[in-house]
Amino acid sequence: MIKISPSILAADFANLQRDIERISAADYVHVDVMDGLFVPNISIGIPVVKAIRPTTRLPLDVHLMIDRPVRYVEQFCDAGADIVTVHVESDSEEGTHEALRRIHAKGKKAGIVLKPKTPASAALPFINEVEMILVMTVEPGFGGQKFMADMMPKVQEIRRYIDAMNPTCELEVDGGVDPKTAPLCIHSGANVLVAGSAVYKADDIPGRIAQLRG
Ligand code: DX5
Ligand code: ZN
C-alpha cells in the first residue's frame, strides 16, 4: 500500500490549520525544516511543529535539512514529530548515528535522507538503525522543482538493500512527485511519496492524493 506524505511547504502558511485539514486523506504530513546553512533557504522550525501537532491525527514526517541535526532532534521529537529524518551529508557518520539514537530514545521513528549526488551505499552504515530511508528526487531547498528521473536506479538499489537487510523500513521519495512521476517511483520500489505542489495545486485534493497512490 502506497502512502502519501503531502509537503506543507506548498501550503498557505497564513492558513496552515485549514491546509492541514485539507490533506486528511493522506497518510503523513511532511514538514520541511530548513536552516539557511545546509540548504539555501529557511522554512519552519520547532514552534511550528508544536503548533500544528494538535491540528491533525496524521503522523508528522519531519524532514530536517539542517546542519548537525543531532543538536535539535530531541526538541523536534518533544514538539510532536513522529518520524524524524536527517541527511547523511549534514554530519559525520558518528553524529548521524547519535542523532538516530536520540530520536529512538524519545520513542520516535528515525530515518536518513540522501541528496541526489549521494550514492545509495551511503545508506548502508545506518540501514539497521532506521525505519525510513528518504531519497531526494530534487536538490533539497525548494518546492516546485523538476523531478530527477535519473534517481530511479538509486531508489531501486535502496529497495534491494531494504528487502535484504531491513524489510519493514519505509522507502520515501521527495521532490517533483506528481501524477506522471509517481508511477516511476512506485515501480522503482518507493512506498511513501512526498508531494507538495502536486497536492496543494490540485482543485480536488483528496482526489489528487488517491491518484498519486496509483
Ligand atoms: C524540498 C523539500 C520537498 C518539497 C517538495 O527541499 O524537501 O519536500 O517541499 O515539493 P514538490 O513536491 O513541490 O517538489
Ligand atoms: Zn522534504
Side-chain angles (χ1 to χ4, degrees), residues 2-13 16 19-20 22-23 26-46 48-49 52 58-67 69 72-73 76 81-90 103 109-118 130-152 154-155 158 170-186 190-203 205 208-209 211-214:
I2 302 302
K3 296 179 181 173
I4 306 300
S5 189
S7 168
I8 57 167
L9 194 60
D12 175 359
F13 284 175
L16 210 40
D19 276 6
I20 289 172
R22 282 181 173 163
I23 58 167
D27 300 278
Y28 299 142
V29 178
H30 187 81
V31 183
D32 286 307
V33 176
M34 305 179 185
D35 67 350
L37 281 171
F38 182 70
V39 289
N41 196 7
I42 299 177
S43 56
I44 58 189
I46 296 155
V48 175
V49 172
I52 64 177
L58 299 179
L60 300 182
D61 165 27
V62 177
H63 173 192
L64 297 183
M65 286 163 273
I66 66 177
D67 196 40
Y72 291 104
V73 288
F76 278 101
D82 298 282
I83 307 165
V84 180
T85 59
V86 298
H87 272 266
V88 297
E89 308 87 358
S90 63
I103 297 162
K109 292 185 176 174
I112 50 164
V113 194
L114 307 184
K115 295 208 299 188
K117 290 189 187 74
T118 303
V130 290
E131 286 77 40
M132 180 180 272
I133 298 177
L134 168 51
V135 175
M136 293 306 300
T137 42
V138 297
E139 285 296 340
F142 300 92
Q145 301 183 77
K146 190 178 177 301
F147 179 79
M148 298 168 73
D150 55 343
M151 290 298 113
M152 293 303 98
K154 184 156 97 183
V155 174
I158 294 196
E170 301 210 277
L171 178 49
E172 184 175 55
V173 290
D174 182 6
V177 176
D178 64 20
K180 279 209 181 89
T181 60
L184 303 174
C185 301
I186 295 167
N191 78 300
V192 185
L193 310 181
V194 176
S197 322
V199 167
Y200 278 107
K201 287 210 164 81
D203 292 328
I205 288 180
R208 176 55 55 85
I209 290 170
Q211 185 185 15
L212 289 169
R213 277 190 222 283

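Side chains included, hydrogens not; waters and symmetry mates left out as well; all remaining heavy atoms used. Atoms within each ligand, like the ligands themselves, are counted from 1 in listed order.
- For ligand 1 and Pro140, the ligand atoms under 4.0 Å from any heavy atom of the residue are 6 (O).
- Counting protein heavy atoms only, atom 10 (O) of ligand 1 is closest to Gly143 CA, 3.6 Å.
- Contacts between Ser7 and ligand 1 below 4.0 angstrom, taking non-hydrogen atoms only, involve the side chain exclusively.
- For the residue pair His63 / Asp61, no side-chain donor-acceptor distance below 3.5 Å is found, with atom types taken as modelled.
- Lys3 and Glu170 are joined by a salt bridge, as a carboxylate oxygen and a charged side-chain nitrogen come within less than 4.0 angstrom of each other.
- Residue Glu139 has no nitrogen or oxygen atom sitting less than 3.5 Å from a nitrogen or oxygen atom of ligand 1, judged on distance alone.
- The two residues Leu9 and Met34 have their closest heavy-atom pair at CD2-CE, 3.6 Å.
- Considering only non-hydrogen protein atoms, atom 1 (C) of ligand 1 sits nearest to Phe142 O, 3.5 Å.
- Interface atoms of ligand 1 facing His63, defined by a heavy-atom separation under 4.0 Å, are 7 (O).
- Of all protein heavy atoms, the one closest to atom 14 (O) of ligand 1 is Gly176 N, 2.8 Å.
- Checking side-chain atoms of Thr137 against main-chain N and O of Gly175 turns up a donor-acceptor pair under 3.5 Å.
- In the vicinity of His30, heavy-atom distances shorter than 4.0 Å reach the ligand 1 atoms 8 (O).
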